[in-house]
Amino acid sequence: MRIITTVATLHLHLNQLRKQGKSIGFSPTMGALHAGHSSLINEAKARKDYSVCSIFVNPTQFNQASDLQNYPRTLSDDVALLESLDNDLLFLPTVRSIYPATLKSIPDYDFGSLTQVLEGVYRPGHFTGVIQVMYRLLYLVQPNHLYMGLKDYQQQAIVRQLIEYAGLPTQLIPCPTVREEDGLAMSSRNKRLDAQQRNKAPLIYQVLQHAKAQTPHAIPTDIQTQAKHRLESEGFKVDYFEIVDSKTLLPITQFSDQSALACVAAWLGDVRLIDNLFLQ
Ligand code: AMP
């Protein structure tokens, strides 16, 4: 696997590949890689893309300094995992190369409700940072395919919109959420759960599955209230449990033809977990 740390080398290398007619598949990550990330690389390889993975802990998307500081960094394990997956290129940019002093601004598109609901309410400024870094990474890598996990459903919905607004020639390939055997969605943050919290964490997926079992007969708001109550009674601090239209991410009050998605964010101690499940 080739490891590139500078924008100039990245340009040279990817331009050569493009000239050879290679399709470039890109999986942006913040490292501390696990099987969820592997699934993106595997999908890129299955599509015969030249697989580019980036590891960049983007400072502008953290709304709490402590979260940025505590974010796990496991570079040598990450490199070993990427090698084992036969990933072709690892891009390890510096903060200065993503945000050079000469960069004056990044286009300020209006994402409407997409950035304002769910995570947008609880992590002010988070999506502004995500949009900044994705705009820069997409500009630098110019991939044919962009692989993103459905675990971060709202994030991939916003990036899909960004690609459309910016007119980028990139196709977003959404990849299913990879879970532990007990249903907990894999996340770099899971490493920070203690043993007791780790035992409790799968309840999030159980509650999502229960919501699905109640669909479409129950009323969405009743499902939400029950789900929150169940999580809180087990010691979770729930930011939200919402049933939304998967296109607009706005809450739905009754099940009809639209595609309904249940989204949850909850804390166990100081670890914040998010997950989601299509209900119909
Ligand atoms: P992160 O390193 O957390 O920024 O995630 C990088 C990419 O991996 C994003 O597109 C995530 O949605 C995706 N990802 C993270 N966890 C999972 C998972 N459990 N299953 C599938 N994709 C995931």
Side-chain angles (χ1 to χ4, degrees), residues 25-46 49 51-64 67-68 70-75 77-79 81-82 85 87 90-93 95 98 114 118-119 123 126-138 141 143 145-163 170-193 198 201-202 204-205 208 246 249 261 263-265 271-278:
F26 180 37
S27 308
T29 81
M30 296 205 298
L33 302 182
H34 50 67
H37 299 109
S38 302
S39 73
L40 311 182
I41 313 290
N42 287 335
E43 187 61 34
K45 297 297 292 187
D49 279 344
S51 175
V52 178
C53 173
S54 64
I55 297 181
F56 178 65
V57 182
N58 174 33
T60 71
Q61 73 187 69
F62 285 83
N63 50 326
Q64 280 182 346
D67 195 21
L68 172 61
N70 292 333
Y71 201 83
R73 288 160 172 90
T74 58
L75 186 59
D77 288 353
D78 293 349
V79 169
L81 177 64
L82 290 170
L85 296 170
N87 182 63
L90 170 59
F91 180 43
L92 285 176
V95 173
I98 295 295
L114 280 188
L118 304 170
E119 293 295 285
R123 301 189 66 191
H126 168 64
F127 286 127
T128 307
V130 169
I131 291 162
Q132 284 173 348
V133 74
M134 286 308 300
Y135 186 85
R136 284 290 292 155
L137 286 171
L138 287 171
V141 178
H145 298 131
L146 172 67
Y147 296 91
M148 296 192 79
L150 286 170
K151 155 143 193 307
D152 301 283
Y153 186 89
Q154 187 172 12
Q155 171 174 272
Q156 65 81 41
I158 291 166
V159 173
R160 181 182 297 282
Q161 188 69 79
L162 172 67
I163 289 171
T170 296
Q171 184 190 0
L172 192 151
I173 314 283
C175 299
T177 301
V178 177
R179 300 179 179 281
E180 303 284 358
E181 263 179 32
D182 58 14
L184 175 64
M186 290 198 180
S187 163
S188 309
R189 289 189 172 84
N190 295 352
K191 291 192 171 77
R192 293 180 43 220
L193 297 168
R198 177 63 190 80
I204 293 184
Y205 186 52
L208 284 168
S246 68
L249 301 186
L261 181 77
C263 300
V264 53
V271 184
R272 188 170 184 275
L273 302 171
I274 63 168
D275 202 349
N276 63 78
L277 190 68
F278 274 103

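First listed ligand is number 1; within each ligand, the first listed atom is number 1.
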**Student:** Could you tell me which atoms of ligand 1, counted from 1 in the order shown, lie closer than 4.0 angstrom to a heavy atom of Met148?
**Tutor:**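 Those qualifying, in numeric order: 10 (O).
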**Student:** Does ligand 1 come near enough to Ala185 that some N or O of the ligand is less than 3.5 Å from an N or O of the residue?
**Tutor:**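 By distance alone, the answer is no.
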**Student:** Indicate whether any N or O donor in one side chain lies under 3.5 Å from an N or O acceptor in the other, for His126 and Asn63.
**Tutor:**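 No, because no side-chain N or O of His126 sits under 3.5 Å from a partner of the opposite role on Asn63.
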**Student:** Going by heavy-atom distance to atom 16 (N) of ligand 1, choose the closest among His37, His34, Arg189.
**Tutor:**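 Nearest heavy atom to atom 16 (N) of ligand 1 lies in His34.
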**Student:** If the cut-off is 4.0 Å to any non-hydrogen atom of Asp152, which atoms of ligand 1 fall inside it?
**Tutor:**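 With Asp152 as reference, the close atoms of ligand 1 come out as 11 (C), 12 (O).
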**Student:** Side chain, backbone, both or neither: which part of Leu33 comes within less than 4.0 Å of ligand 1 when only heavy atoms are counted?
**Tutor:**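 Neither; no heavy atom under 4.0 Å.
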**Student:** Which atoms of ligand 1 have any heavy atom of Met30 under 4.0 Å away?
**Tutor:**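 The list of qualifying atoms is 1 (P), 2 (O), 4 (O).
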**Student:** Return yes if a side-chain donor-acceptor contact under 3.5 Å exists between Ser51 and Asp49, otherwise no.
**Tutor:**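 No donor-acceptor contact under 3.5 Å links the two side chains.
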**Student:** Please state which part of Arg179 comes within less than 4.0 Å of ligand 1, counting heavy atoms only: side chain, backbone, both or neither.
**Tutor:**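 Contact part for Arg179 vs ligand 1: neither.
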**Student:** For ligand 1, is there an N or O atom under 3.5 Å from any N or O atom of Gly149?
**Tutor:**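 By distance alone, the answer is yes.
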**Student:** For the residue pair Arg192 and Val271, what are the closest heavy atoms and their distance?
**Tutor:**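 Looking at all heavy atoms of both residues, the closest pair is O-CG2, 3.7 Å.
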**Student:** Record the part of Ala32 in heavy-atom contact with ligand 1 below 4.0 Å; permitted values are side chain, backbone, both and neither.
**Tutor:**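 For Ala32, there is no contact with ligand 1 at all, from either part.
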**Student:** Can you list the ligand 1 atoms lying under 4.0 Å from a non-hydrogen atom of Tyr71?
**Tutor:**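 Answer, ordered by atom number: 3 (O).
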**Student:** Which is it for Phe56 and ligand 1 at heavy atoms under 4.0 Å: side chain, backbone, both or neither?
**Tutor:**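 Neither; no heavy atom under 4.0 Å.
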**Student:** Can a side-chain donor-acceptor contact be found between Ser38 and Asn42 if the only test is distance below 3.5 angstrom?
**Tutor:**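 The answer is no; no qualifying pair exists.
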**Student:** Using a strict threshold of under 4.0 Å (side-chain N to carboxylate O), is an ion pair present between Asp67 and Arg189?
**Tutor:**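 A salt bridge links Arg189 with Asp67.
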**Student:** Counting C-beta onward and ignoring hydrogens, is there a side-chain heavy-atom pair between Met30 and Tyr71 closer than 4.5 Å?
**Tutor:**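 The answer is yes; the side chains approach within 4.5 Å.
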**Student:** Determine the minimum heavy-atom distance between His37 and Ser188, stating which atoms define it.
**Tutor:**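 Looks like CE1-OG, 3.7 Å.
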**Student:** Specify side chain, backbone, both or neither for Pro176, according to which of its non-hydrogen atoms lie closer than 4.0 Å to ligand 1.
**Tutor:**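 Pro176 to ligand 1: backbone contact only, side chain stays beyond 4.0 Å.
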**Student:** Less than 4.0 angstrom from a charged side-chain N to a carboxylate O is my criterion; do Asp78 and Arg73 meet it?
**Tutor:**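 Answer for the salt bridge query: no.
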**Student:** Please report which non-hydrogen protein atom sits nearest to atom 20 (N) of ligand 1, along with the residue it belongs to and the distance in Å to one decimal place.
**Tutor:**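 Of the protein heavy atoms, Val178 N, 2.8 Å lies nearest.
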**Student:** Looking at Tyr147 versus Phe26, is the centre-to-centre ring distance below 6.0 Å?
**Tutor:**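 Ring centres of Phe26 and Tyr147 not closer than 6.0 Å.
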**Student:** Need the ligand 1 atom indices (1-based, order shown) with element for anything under 4.0 Å from a heavy-atom of Thr177.
**Tutor:**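 Listed by number with element, the hits are 20 (N), 21 (C).
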**Student:** Give the atoms of ligand 1, by number and element, whose distance to some non-hydrogen atom of Pro28 is under 4.0 Å.
**Tutor:**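 Near Pro28, meaning under 4.0 Å from one of its heavy atoms, ligand 1 has 6 (C), 7 (C).
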**Student:** Mind running side-chain contact (heavy atoms from CB on, under 4.5 Å) on Asn190 and Leu273 for me, showing each step along the way?
**Tutor:** CA-CA 8 Å; Asn190 295 352; Leu273 302 171; 3.5 Å; yes
**Student:** Met186 heavy atoms, cut-off 4.0 Å: which ligand 1 atoms fall inside?
**Tutor:**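 Matching atoms, with element in brackets: 16 (N), 17 (C), 18 (C), 19 (N).
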